[in-house]
Amino acid sequence: MAEPGAIAAPIAAAGMTADERHWLLRRLHSLSGIIPIGGFLFFHIFENAFVLRGGTVWWKETEFTRTIPFQIAVEAAVLWIPILYHAIYGLIITATAQPNNYPYARNFQYTMQRITGVIAFLFIGFHVLSTRAFFYATGTETNYLRMHSFMIDPVYLTIYLIGTLACVYHLTNGIFTFSITWGIAVGPNAQRLVNRACTALFLILAIASVAILVAFRAPA
Amino acid sequence: MAERTQILRIKRQQNPNSEPHWEEFEIPYLPHHNVISMLMEIRRKPVTRQGKRVAPVVFDANCLEEVCGSCTMVIDGRVRQGCSQLADHLDPTVTIEPMSKFPVIRDLWVDRSKMFEALKKAHAWIPIDGTYDLGPGPRIAPDVQQLAYLFSRCMTCGCCLEACPQVNSHSKFMGAAVIGQVYLMSQHPTGKMNHDERLQAMMAEGGIEDCGNAQNCVEVCPKGIPLTTAIGAVGRQTSIKWLRDLFMK
Ligand code: SF4
Ligand code: SF4
Ligand code: FES
């Protein structure tokens, strides 16, 4: 019998195979949805919740996010690149789907994950273009007045409500599928527990997001 | 009183390349009929409701007791075995189609060999003796035996592939059945010897990463095989293998 090393060495030397790349891209897609993107969404909801205590408090408390050293590099590394990767590779994965109408809750969640993913992609594009990209292009910060003017516009408000809820759904359901993909929740009881916890988390984040968006409607 | 009858709407296809078409048959109602026995009834008198004499409907069946998996078909939009689907549980009009995720050979008869190819790809068997007798293998603990028994009941019927949104013509995903078998082999002390090789197949394109966690597979499996547990467990095994290979190779 051949030595295992004699077989393994040339394979290792050949670099990454197409299959290994496929695996890595899929797992990176799964991971990037939680770290950093999911982590950022938690933080983003948390920081903006200060608006519930008024526009002035919100502006003051979020000051440090506008004065980060190497701002552009940090934003690119933590946000733009992971989000672009997650979104584009996510669309590639979505293209391999053929949703059906088998009447099970998980099947519905599977289809929703793909629909909310596409909505989230469009919404985040719109949101970033109208806030951060707008700032880099014009130097205008998205301060309370600007956000306020968005949120009192019913069209903007509707887009933001749909977009935010899609993001929150996509994240919380994604935490559930992440826990299966990586083998954290294996058995049916563990998976049911995680699924319930994720549903609860969805409700909490959804209520918080709606409250934040509505709070921006208060006059300055 | 008019005689009670059963109407069968059947999706038919002459050969693998021809276009499918629908035909309706009406047969006398008989208690305790199942879908296969109703198809046999049509075979006796292959005349459509319109009175046209046609070729009998071709279907695959063998065991007639839901253990071989060959009579799997889509009945009223849900995949299941024809032999264990009782007519008494169906509406007076029933729609029968071949599975959509496999090539149709003729009428309701499909070619499930891609499932067998997947088992070969994943090395889903346990090599025993070589050129000489290796002697008895290690004993297996009763609880492991019980777990393994659940997975050993897979009959490669294809229900889990048919209901899976990730198994389709534009995806290479092999489906849940083979993941269940890889998990089964990993529970066997002799089977463990080829475990790395099987995980390698699971980590390839078409393997476990292409699962989208819709979990229809576990819902439709007629054998109640805990497929999603296998998906979680093999997911964990591949995570560990990846980390181990990353830092130890
Ligand atoms: S796992 Fe279940 S549904 Fe899938 S092929 Fe085996 S018996 Fe059929
Ligand atoms: S969990 Fe869903 S996507 Fe994965 S194999 Fe089962 S049905 Fe297919
Ligand atoms: S004939 Fe074997 S499962 Fe139906």
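A note on names: the letters A, B, ... follow the listed sequences, proteins ahead of strands, and every chain is numbered from 1.
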A quick test of your reading: do over 12 heavy atoms of other residues, nucleotides or ligands sit less than 6.0 Å from [atom1] of [X]?
| X | atom1 | result |
| --- | --- | --- |
| A/Phe108 | CZ | no |
| B/Phe116 | CZ | no |
| B/Lys172 | NZ | no |
| B/Trp109 | CH2 | no |
| A/Arg53 | CZ | no |
| A/Phe43 | CZ | yes |
| A/Arg196 | CZ | no |
| B/Lys121 | NZ | no |

At their closest point, which heavy atom of [X] faces which heavy atom of [Y], and how far apart are they?
| X | Y | value |
| --- | --- | --- |
| B/Arg78 | A/Asn101 | NH2-O, 3.4 Å |
| A/Arg27 | B/Ser239 | NH1-OG, 2.8 Å |
| A/Trp23 | B/Thr238 | CZ2-O, 3.9 Å |
| A/Arg106 | B/Ala214 | CB-O, 3.1 Å |
| B/Pro165 | A/Pro99 | CB-CA, 4.0 Å |

Exercise. Can you find a pair of side-chain heavy atoms, one from A/Phe176 and one from B/Asn213, that are under 4.5 Å apart?
Worked result: no
For this session: Kindly compute the distance separating CG (A/Asn107) from CD (B/Glu219), expressed to the nearest 0.5 Å.
Result: 9.0 Å
Problem set entry | From A/Asp19 atom CG to B/Glu209 atom CD, the distance as rounded to the nearest 0.5 Å | 11.5 Å
For this session: Using non-hydrogen atoms and a 4.5 Å limit, figure out which bit of B/Cys164 sits close to chain A: side chain, backbone, both or neither.
Result: backbone
Exercise. Given that the side chain runs from C-beta out, which part of B/Val234 has a heavy atom under 4.5 Å from chain A: side chain, backbone, both or neither?
Worked result: neither
Problem set entry | N/O donor-acceptor pair under 3.5 Å between B/Asn216 side chain and A/Tyr104 backbone | no
Exercise. Is it true that a side-chain atom of A/Thr96 and a backbone atom of B/Ser171 form a donor plus acceptor pair closer than 3.5 Å?
Worked result: no
Sort [X] into side chain, backbone, both or neither according to what part of it lies under 4.5 angstrom from a heavy atom of chain B.
| X | value |
| --- | --- |
| A/Ile184 | backbone |
| A/Gln191 | side chain |
| A/Pro188 | both |
| A/Ala105 | neither |
| A/Tyr102 | both |
| A/Arg114 | side chain |

Give the member of [options] that has the highest number of heavy-atom pairs under 4.5 Å with chain A.
| options | value |
| --- | --- |
| B/Ile208, B/Ile231, B/Asp210 | B/Asp210 |
| B/Met203, B/Gln237, B/Gln200 | B/Met203 |
| B/Gly232, B/Ala233, B/Gly77 | B/Gly232 |

